[in-house]
Amino acid sequence: MKKYNIAFLGCGAMGTEIIDYVVNNLDLKFNIILLMDNNLDNAEKLLTQYNISPIITDDINTLLDLDNIDLIIETASIQAVKQYAKDIVRKADIVFASVGAMSDQDFYNNLLDNASKYDNNIIIPPGAIGGLDAIDAVKDSITSIEIITTKSPGSLSGAEGFSDYENCKFISPEVIFTGTAANAIKLFPENLNVAVTLSLFGLGPYKTNVTVIVDPDVKMNCHKINLKGKFGEMTFDFKLEKSIKNPKTSALAGLSIIKILKDY
Ligand SMILES: NC(=O)c1ccc[n+]([C@@H]2O[C@H](COP(=O)([O-])OP(=O)(O)OC[C@H]3O[C@@H](n4cnc5c(N)ncnc54)[C@H](O)[C@@H]3O)[C@@H](O)[C@H]2O)c1
């Protein structure tokens with residue numbers, strides 16, 4: 001079996017979950033050769049935790065100088081994608097977790113062009129949702145598509161779109177945002193990657209409607225997707241456990257990337 005060289009950009013909650021799985025289950029298939037994080041401690045602590053010895057860096061040039069990377073896993077931030085994606089899509093196949101960056105359609109199209117020039121693939125994981133194969137199949141006849149995301153105050157805390165509510169005592173569920181996926185990701189960059197993922201498989205970020213509900217009693221991250229068209233109607237309902245390390249991230253998001261690695 002060919003062993004692939006894999007590099008990680010971002011070693012937080014999701015990166016660690018994926019590295020854990022690779023070390024324990026896919027070590028015959030993947031060789032972890034580089035960990036990049038602008039918080040070096042997050043990368044360094046994984047060396048002893050998993051007894052691995054990749055290059056550790058916070059400098060993108062170290063990654064760009066390597067000529068033996070097969071696959072890059074980005075689990076950092078939208079800002080990191082905006083900063084580095086143009087260069088790293090030339091190096092290897094890449095899985096992007098911070099899909100929110102792709103709400104800029106020109107940026108995304110340029111990335112796709114750049115990657116294909118170098119014979120590399122951009123892989124968009126389903127992340128914290130599913131059903132994207134069915135949505136993709138009917139995309140030309142969708143007339144309306146929406147995602148309703150319900151999270152606890154703690155999961156939304158820190159987002160620009162939540163700033164007016166940080167000190168509120170919620171006693172019942174409350175709608176705090178309605179608008180397009182393009183606007184939602186600007187206000188909730190760490191919470192609404194799913195809306196942009198949905199938009200890439202459906203009608204795009206300007207025609208995907210988003211509602212964000214804050215619910216003081218909800219324990220999980222919940223996403224309900226509704227779409228209609230000539231094909232009929234579809235509804236998908238996700239109630240997801242949070243990542244232990246990051247309440248903004250659903251555990252399914254990491255698992256969706258692990259599935260990509262199993263199939264790679
Ligand atoms: N696609 C989805 O459905 C989905 C679901 C959940 C989270 N996400 C996104 O995936 C990403 C990772 O999520 P997480 O829960 O692991 O986040 P996290 O905050 O736990 O980890 C992110 C790590 O990346 C590092 N980082 C951030 N910006 C960086 C940069 N510019 N350069 C280098 N390192 C950088 C941080 O230091 C941190 O160690 C986030 O962008 C998050 O919004 C996507």
Side-chain angles (χ1 to χ4, degrees), residues 7-21 34-46 49 55-64 72-88 94-103 108 122-132 147 149 151 154-162 181 184-201 205 208 210 220-223 225 236 238 240-260:
F8 285 81
L9 169 52
C11 301
M14 216 190 292
T16 302
E17 186 187 335
I18 298 163
I19 288 165
D20 185 288
Y21 191 89
L34 179 138
L35 302 179
M36 176 172 163
D37 201 300
N38 58 7
N39 179 345
L40 282 174
D41 286 349
N42 284 358
E44 268 159 10
K45 68 182 176 208
L46 300 176
Q49 193 174 341
I55 298 165
I56 300 287
T57 186
D58 58 2
D59 179 356
I60 195 65
N61 291 312
T62 309
L63 187 156
L64 296 175
I72 300 166
I73 307 291
E74 179 282 320
T75 53
S77 59
I78 291 176
Q79 184 222 353
V81 175
K82 289 196 171 151
Q83 222 177 329
Y84 305 131
K86 184 169 147 284
D87 293 321
I88 56 182
I94 176 156
V95 180
F96 286 110
S98 307
V99 184
M102 312 311 171
S103 66
Y108 183 43
I122 290 178
I123 304 166
I124 302 293
I129 51 173
L132 297 170
I147 179 164
T149 290
K151 293 192 173 188
S155 285
L156 291 163
S157 180
E160 191 187 332
F162 194 69
I185 194 68
K186 285 185 193 142
L187 292 173
F188 301 93
E190 294 178 30
N191 302 99
L192 266 300
N193 283 284
V194 281
V196 177
T197 303
L198 178 66
S199 78
L200 297 181
F201 287 82
T208 303
V210 179
M220 301 193 180
N221 291 332
C222 304
H223 306 291
I225 296 168
F236 302 90
F238 301 91
L240 302 170
E241 294 290 353
K242 296 169 190 173
S243 155
I244 294 163
K245 292 194 168 70
N246 183 354
K248 295 180 172 64
T249 291
S250 303
L252 176 62
L255 293 172
S256 82
I257 296 181
I258 288 170
K259 169 79 172 104
I260 288 166

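The structure presented is a predicted model; accordingly, all values stated were derived computationally and were not measured. As a basis for the values below, the full set of heavy atoms in this structure was taken, side chains included, without hydrogen atoms, waters or symmetry mates. Order of listing sets the numbers, starting from 1, for every ligand and every atom in it.
- At the shortest separation from atom 21 (O) of ligand 1 among protein heavy atoms lies Gly12 CA, 3.2 Å.
- Heavy-atom proximity to Tyr84, at under 4.0 Å, picks out these atoms of ligand 1: 32 (N).
- Taking every heavy atom of Gly127 and a limit of under 4.0 angstrom, the matching atoms of ligand 1 come to 2 (C), 3 (O).
- Residue-to-ligand polar distances keep Lys248 apart from ligand 1: every N/O pair is separated by 3.5 Å or more.
- Applying the 4.0 Å criterion to heavy atoms of Ser98 picks out, from ligand 1, the atoms 10 (O), 11 (C), 40 (C), 41 (O).
- Ile244 CD1: 12 or fewer foreign heavy atoms inside a 6.0 Å radius.
- Compare Asn191, Thr16, Asp37 by their heavy atoms: the one nearest to atom 25 (C) of ligand 1 is in Asp37.
- Close approach to Val194 involves these atoms of ligand 1, each under 4.0 Å from a residue heavy atom: 3 (O).
- For Lys151 (side chain) and His223 (main-chain N/O), no donor-acceptor pair under 3.5 Å exists by modelled atom type.
- Backbone and side-chain nitrogen or oxygen atoms of Ala97 are examined, and one is located within less than 3.5 angstrom of a nitrogen or oxygen of ligand 1.
- Not one N or O of Leu9 is nearer than 3.5 Å to an N or O of ligand 1, by distance alone.
- For the pair Thr249 and ligand 1, the shortest N or O to N or O distance falls below 3.5 Å.
- Within ligand 1, counting atoms from 1 as listed, the ones closer than 4.0 Å to a heavy atom of Ala128 are 3 (O).
- Residues Glu44 and Gln49 are not in side-chain contact: their nearest non-hydrogen atoms beyond the backbone lie 4.5 Å or more apart.
- Proximity to Asn42 (heavy-atom distance under 4.0 Å) selects the following atoms of ligand 1: 37 (O), 38 (C), 39 (O).
- The shortest side-chain heavy-atom distance between Thr149 and Asn191 does not fall under the 4.5 Å cut-off.
- Numbered from 1 in the order shown, with element, the atoms of ligand 1 that lie under 4.0 Å from a heavy atom of Gly10 read 24 (O).
- Counting heavy atoms under 4.0 Å from ligand 1, residue Cys11 touches it through the backbone alone.
- Here Lys245 has no heavy atoms under 4.0 Å from ligand 1, in either its backbone or its side chain.
- Ligand 1 is never approached by Phe96 to a heavy-atom distance shorter than 4.0 Å.
- The backbone and the side chain of Ala13 each have at least one atom closer than 4.0 Å to an atom of ligand 1 (non-hydrogen atoms only).
- Scanning the protein heavy atoms around atom 30 (C) of ligand 1, the nearest turns out to be Asn38 ND2, 3.3 Å.
- Under the 3.5 Å distance criterion, the side-chain polar atoms of Asp37 are left unmatched by any main-chain donor or acceptor of Asn42.
- Heavy-atom proximity to Ser77, at under 4.0 Å, picks out these atoms of ligand 1: 27 (C), 28 (N), 29 (C), 31 (N), 41 (O).
- No donor-acceptor pair under 3.5 Å is formed between the side chain of Thr208 and the backbone N or O of Pro205.
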